[in-house]
Amino acid sequence: MHMPQDLESYASQHCSPLEPLLQEVLAYTEQHHPKAHMISGAVQGLLLQQLSHMLRPKRILEIGTFTGFSALCLAAGLPEDGLLYTLEMRAEDAATAQSFFDRSEKKNQLRLLQGDARQIIPTLQESWDLVFIDADKISYIDYYNMLVPRMAAGSFLLADNVLFHGEVLQDELKGKNAKAIAAFNAHVQGDDRTQNVLLTVRDGLMLIRKK
Ligand SMILES: C[S@@+](CC[C@H](N)C(=O)[O-])C[C@H]1O[C@@H](n2cnc3c(N)ncnc32)[C@H](O)[C@@H]1O
């Protein structure tokens, strides 16, 4: 669900400007990518940056790199010994993201893995401090179930698009993605291992803390 346009504009006018590389990724994506609407955008990007600065996470996992915008935002708070892994299925998007990562001052801390996240996640032997799920909606519950056991108490998981353009509010859910997101939200809501808050930012962001 997206906010009314005037609220969205007011919010973005009262956010700090993005740093030049992030502005470039956003502009490049908007001009060249047929699915540019998938990018997190400036407001959500700044929120990801702020959360990363607050948490100073040593290990970040992102599922769904796209053109690299949100990964660069999430990397903002990495300490010197921190690493961010980001997973992208589409080779073309992975190549675009890597070209931007190569120009980041955090480039040595960014690990872009191309392939299906469902196969890659079990091979990563890390304990995650911050996870961002932003890929195929039908796999959200599987990603969550794979990752919550690999998170220490006090670490955080964010899931994007949890309002799914407002479709989760409909009495009868139509598409498979809306159904999957509604099932994910119910799954998280019923999980005693975590505490969650649904933020009505952009298309809905679920902020989840492992207890
Ligand atoms: C909404 S976009 C991610 C946007 C990005 N996080 C951002 O804010 O800039 C979703 C991405 O997930 C990728 N994706 C979808 N299913 C995937 C899977 N099973 N494994 C890895 N990547 C996947 C898509 O190719 C797409 O680039």
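Start at 1 and go down the list; that is how both ligands and their atoms are numbered. Start at 1 with the first residue, then count along the sequence.
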Identify, for [atom], the protein heavy atom at the shortest distance, and state residue, atom and that distance.
{"atom": "atom 14 (N) of ligand 1", "value": "Ala135 CB, 3.8 Å"}
{"atom": "atom 7 (C) of ligand 1", "value": "Ser70 OG, 3.1 Å"}
{"atom": "atom 20 (N) of ligand 1", "value": "Ala117 N, 2.9 Å"}
{"atom": "atom 22 (N) of ligand 1", "value": "Met89 N, 3.1 Å"}
{"atom": "atom 12 (O) of ligand 1", "value": "Gly64 CA, 3.4 Å"}
{"atom": "atom 13 (C) of ligand 1", "value": "Glu88 OE1, 3.4 Å"}

Do any heavy atoms of Asn161 fall under 4.0 Å from ligand 1?
-> no
Hey, does Gly41 sit under 4.0 Å from ligand 1 if you only count heavy atoms?
-> no
Find all atoms of ligand 1 within a distance of less than 4.0 Å from any non-hydrogen atom belonging to [X], and give their numbers and elements.
{"X": "Phe69", "value": "9 (O)"}
{"X": "Ser40", "value": "7 (C), 8 (O), 9 (O)"}
{"X": "Gly115", "value": "20 (N), 21 (C)"}
{"X": "Tyr143", "value": "18 (C), 19 (N)"}
{"X": "Asp93", "value": "27 (O)"}
{"X": "Arg90", "value": "25 (O)"}
{"X": "Asp116", "value": "18 (C), 19 (N), 20 (N)"}
{"X": "Asp136", "value": "15 (C), 16 (N), 17 (C), 18 (C), 19 (N)"}

Can you tell if the side chain of [X] reaches within under 4.5 Å of the side chain of [Y], non-hydrogen atoms only?
{"X": "Leu51", "Y": "Phe156", "answer": "no"}
{"X": "Leu87", "Y": "Tyr143", "answer": "no"}
{"X": "Gln49", "Y": "Leu72", "answer": "no"}
{"X": "Leu157", "Y": "Thr194", "answer": "no"}

[X] contact mode with ligand 1 (heavy-atom cut-off under 4.0 Å):
{"X": "Glu62", "answer": "side chain"}
{"X": "Asp134", "answer": "both"}
{"X": "Thr29", "answer": "neither"}

Hydrophobic cluster membership, Leu18 vs Leu21, 4.5 Å side-chain cutoff = yes
More than 12 heavy atoms from other groups under 6.0 Å of CD on Gln23 |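 Yes, CD of Gln23 has more than 12 neighbouring heavy atoms, counting only those of other groups under 6.0 Å.
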Whether over 12 other heavy atoms sit under 6.0 Å from Lys211 NZ | yes
Looking only at non-hydrogen atoms, find the nearest pair between Leu78 and Lys106 and report the distance.
->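 Leu78 and Lys106 have their closest heavy atoms at O-NZ, 3.3 Å.
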Locate the shortest heavy-atom distance separating Ala94 from Gln114; write the atom from each residue and the value.
-> CB-CG, 3.7 Å
Purely on distance, is any nitrogen or oxygen of Gly68 under 3.5 Å from one on ligand 1?
-> no
Do the two ring centres, one from Tyr140 and one from His187, sit under 6.0 Å apart?
->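 When the ring centroids of Tyr140 and His187 are compared, they turn out to be at least 6.0 Å apart.
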Would you find a donor on one side and an acceptor on the other, under 3.5 Å apart, between the side chain of Thr96 and the backbone of Glu92?
-> yes
Counting N and O atoms only, with roles assigned by atom type, does the side chain of Ser155 sit under 3.5 Å from a partner on the main chain of Leu130, one being a donor and the other an acceptor?
->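 Side chain of Ser155 to backbone of Leu130: no pair is present.
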